[in-house]
Structures are given as C-alpha cells and as structure tokens.
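Note that the coordinates shown come from a computational prediction; the quantities given were computed from them, not determined experimentally. Note on naming: letters A, B, ... go to the chains in the order of the sequence lines (proteins, then strands), and numbering restarts at 1 for each one.
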Number of protein chains: 2
Amino acid sequence: MTISTKEKIFYISLDLFSQKGFSGVSIREITREVGIKESSLYNHFSSKDEILESIFNFFREDFSKTLPPLETLNEILQKHSVKSFLRAGLHNFKKYMEDETGQKMWRLLQVEQFRSPLAREIILHDLYGKTIEFLEIVFTKFIEFKKIRPYNPKVLAIEYQYPVFSLLTEYNILKFDGKGTAEVEKKLEQHIDFFLNTILEK
Amino acid sequence: MTISTKEKIFYISLDLFSQKGFSGVSIREITREVGIKESSLYNHFSSKDEILESIFNFFREDFSKTLPPLETLNEILQKHSVKSFLRAGLHNFKKYMEDETGQKMWRLLQVEQFRSPLAREIILHDLYGKTIEFLEIVFTKFIEFKKIRPYNPKVLAIEYQYPVFSLLTEYNILKFDGKGTAEVEKKLEQHIDFFLNTILEK
DNA sequence: ATTATAAGCTAACGATCGTTAGTTATAAAG
DNA sequence: CTTTATAACTAACGATCGTTAGCTTATAAT
C-alpha cells in the first residue's frame, strides 16, 4: 500500500500548519517537502485554503468515531465497573492523542481557533460538546444502576473531562519539546483516583 | 494622559496577532491601524519579532502580579472561609480574563505556542506552574488549619484549577464570537460547589 | 539661538507570496 | 494503436512581505 501525492500533501500540510500556523506556511514549503513543484499541488487541491478545510473535515469525521456508539453502551456499562470503564475510556483517549496525527490535529485546532470559525466550531461542538454529552449519558446510567452516588450528571462529566483537557494541553506542549510526560501521566492517574473517590458509593 | 505611538503599536499588534497569529499580520497592517507609515515603526521597534517579544515580556510581568504575595497569605487564609477564599480568587481571575488585554494575551499564547518556545514557557511555567504552586501552598495551609480534609495538596490544586483552565478556553471562544457566556459561568459556579463539597470537613 | 534627538515621511530594495497558463510524460481505456 | 485523463513540469504574473536609506520636521536641551 503506497501513499498518494494528495495524501502526502495532506499530511505534510497538517504537520507544517500545526507547527507554524496556516499563514506561516507557504505553498512552496509544502511542495518542497512533498517533492513536487508548487504548480503541481493545484492538480490535487484548488487552493491553499482547501487543504486546511480538508484537514478539518477529516478530523471531524475521524474524531466522531472515537466515542463508542450509544447502542452498545448499556451492555458495556453493565459489564464494567466505573473504575475500569473510566480507565478504558482514558486508555482510548490517550491512544488517540499519543498518535502523531491526533496530536497535530489538536495543535492545529489550537493555533487556528481565532482565524477559523470552523476550528472554533470543532473545538466547542465536537471536542468539548460531544465528549461531555457522551459522558453525561454514561454517568446518568451509572446513577441509574446505582454504581455511583446521585449527582448532576453533566457536572460529573465536566469534573471528569475538563481536567483531562487541560492535562492534554500540558502533555502536548511537553511532547512538542521532546520532554518527558511521566509527570503529566501521573497527574492523570491521580485525577481519576480523586474523581472516583468522590463519586463512588461509600 | 495620552497614549504614545509605541504603546499604540504594542496594543494594535497584540490585537492583530491574537486574532490572526504573528505570521498572519503584516507590518503594513499594523502601521495602517496605528496611523503611521511602515518605516516609522522602526523608530520604536527594531523588528517585527521584537514587538512580539515585548508583548510576551509584558504579559509575564503583568501576570505575576495577579497572585497575592505569600507574606500576606497566612493572614488572608485565616480571615476567610475556604469557600469565600476560592470565590474571591475566582473573582480576581475572572476580572483579569474579562479584561480585553488579558483575553488577547491568552489568545496570543495559544496561537503562538508551537511557533514560540517563549510562549510555551509562559504557558507551562507561569500560567500553569505558578498558579498550581500557589494553590498547593494555599491548600497545604487549609489542611494545617483543619479547614479541609487532608489530601495531597497538589492534587487538590489541580482538581480545582484545571477545570478552570478548560472553562477559560470555552469562555474565550464564546467571547470571541460575541456569544453569551452565561452557560460557562454557571459551569464555573457548579465546579466550585462540587469541589467544595468534596474537600470540606463533613 | 543653536544644536541634538526623536519621530515622522517618501521611495525603494530583494525576497517571497498564492496562483495561473501552457507544455510534457505516463499509463489506462477504447 | 490511438485517445483520453492524470499529474508532473517550466515559467511567469502581480501582489505583498520585512526592512533600509535618506530626508524632513517638531521638540527639547544646551
């Protein structure tokens, strides 16, 4: 399985945009890395903007697959303890974010968020919104099943997820500088422990 | 009290950089808004890079003043309940972030974080590091004074502050689009309530 | 009153920007 | 074998980039 020129452009653009921002990267820089002349790029994308757009659209579709479908949720929730469910979810999330493409997407969204309305939409609606919405359902069911103490499920979702987002920001910067991330991963563990402690039935 | 040309350049650059990123703003765009010719800018700053650098340095100094000095801390902590202390701190923090300059600084740091090592340093060391360090001391003392249940104070600091950071991200995007922020402020209240609930002596 | 300094101006430098027109090579489809 | 489509190429377009040289003017110190 080989990689097409269009895909090369896509991934190299993602890499460069995520580091230097859309405006900080030239068509010539992209095509130099791809190994083609700048005019050839327009055989694959109609403009520089279209490259960015295709990256954002790809991320939206890709990210929507990371949350398990609601149909299988009841089954999953009854099989697992709260603890193992959260840990499993975290494991998924970490895998996604340790993935290089995932990291670059996350970075790109951050650096383009005030230039691109679509980036803002993705951050608020997809990343934040969909994740919290999902967790809200999860905690609602956990409460139904009397696996955790009753509490506003949306608040629980936020209390669990928002520290994770901040930790991801930290993680991403450390990773970018090639520094160790053990400290952040420890914080993540401690956060889950703290959270479990407060919601589990005594 | 009038505003100097140098200050005009500073604030207009901050405004533009925070929206479009450093690379997305030209000297001509800055000087057009300031109302001078582009060559005149170089009477005040030696290069475009120096403008950005001066903005970052200003933020570092300015932000360091937002945390109360440690000397006065014992006194403050004994006068206030945990609840009123956290609410007061939050009030300060909100005031700083509702301030237009504060918002733009925060945005600028985000959009430049992967282009500028200094931006990353400020985010990790100043914004995250200093804040958590301060709160760690606060919670240590609260535990000493038996105002809250004993728990790893660093974990408490993170549990309190990291959701606030994520809420700020949300707040900043909504504010940027001119949308209402009531929802986010409600989440902030709920977060404090949740947190207080879990740490206060029963 | 003279001088020095600061801060504005005009004009231009070479470099680079995104994009296009026109051409050529390759390979699949008829 | 010819046609067609895809994707590479060369060359160039006008626009804009950050920055500089050299000149003028207003302000303030000597």
(request) Kindly indicate whether the side chain of B/Leu14, heavy atoms from C-beta on, has any atom under 4.5 Å from the side chain of B/Phe58. (result) no
Give [X] one of three labels, base, sugar-phosphate or nothing, depending on what nucleic acid heavy atoms sit under 4.0 Å from its own.
| X | result |
| --- | --- |
| A/Lys37 | base |
| B/Ser26 | sugar-phosphate |
| A/Val25 | sugar-phosphate |

(request) Record whether the side chain of A/Asn43 comes under 3.5 Å of the base of D/dA8 through a donor-acceptor pair of N or O atoms. (result) yes
(message) Side chain of A/Ser39 only, heavy atoms from C-beta on: which candidate in C/dA7, D/dA8, C/dT20 is closest?
(response) C/dT20
(message) From the set C/dT19, D/dT19, C/dA7, return the single nucleotide nearest to any side-chain atom of A/Arg28.
(response) C/dT19
(request) Answer yes or no: is there an ion pair linking A/Lys48 with A/Glu53, defined by an N-O contact shorter than 4.0 Å? (result) no
(request) Tell me which of A/Arg32 and A/Ser46 sits closer to the 5' end of DNA chain C, going by the nucleotide each one is nearest to. (result) A/Arg32
(message) For A/Lys48 and B/Gly35, find the nucleotide of DNA chain C closest to each by heavy atoms; which residue's nucleotide sits nearer the 5' end?
(response) B/Gly35
Calculate the interatomic distance between [X] atom [atom1] and [N] atom [atom2]; express it in whole Å.
| X | N | atom1 | atom2 | value |
| --- | --- | --- | --- | --- |
| B/Glu29 | D/dA15 | CD | C1' | 15 Å |
| B/Leu41 | C/dA6 | CG | P | 17 Å |
| B/Phe45 | D/dT19 | CZ | P | 13 Å |
| A/Phe17 | C/dG18 | CZ | C1' | 12 Å |
| A/Tyr42 | C/dG22 | OH | C1' | 17 Å |
| B/Lys6 | C/dA6 | NZ | P | 12 Å |
| B/Ile36 | C/dG8 | CD1 | P | 5 Å |
| A/Glu50 | C/dT19 | CD | C1' | 14 Å |

(request) Kindly say whether B/Ala182 contributes a backbone atom to a donor-acceptor pair with the side chain of B/Lys187 at under 3.5 angstrom? (result) no
(request) Taking atom types as modelled, find out whether B/Glu185 and B/Thr181 have a side-chain donor-acceptor pair closer than 3.5 angstrom. (result) yes
(request) Could you label the plane-to-plane angle of the A/Phe63 and A/Phe59 rings as parallel, tilted or perpendicular, counting under 30° as parallel and over 60° as perpendicular? (result) parallel
(message) Is there a side-chain contact between A/His44 and the phosphate of D/dA8, meaning an N or O under 4.0 Å from OP1 or OP2?
(response) yes
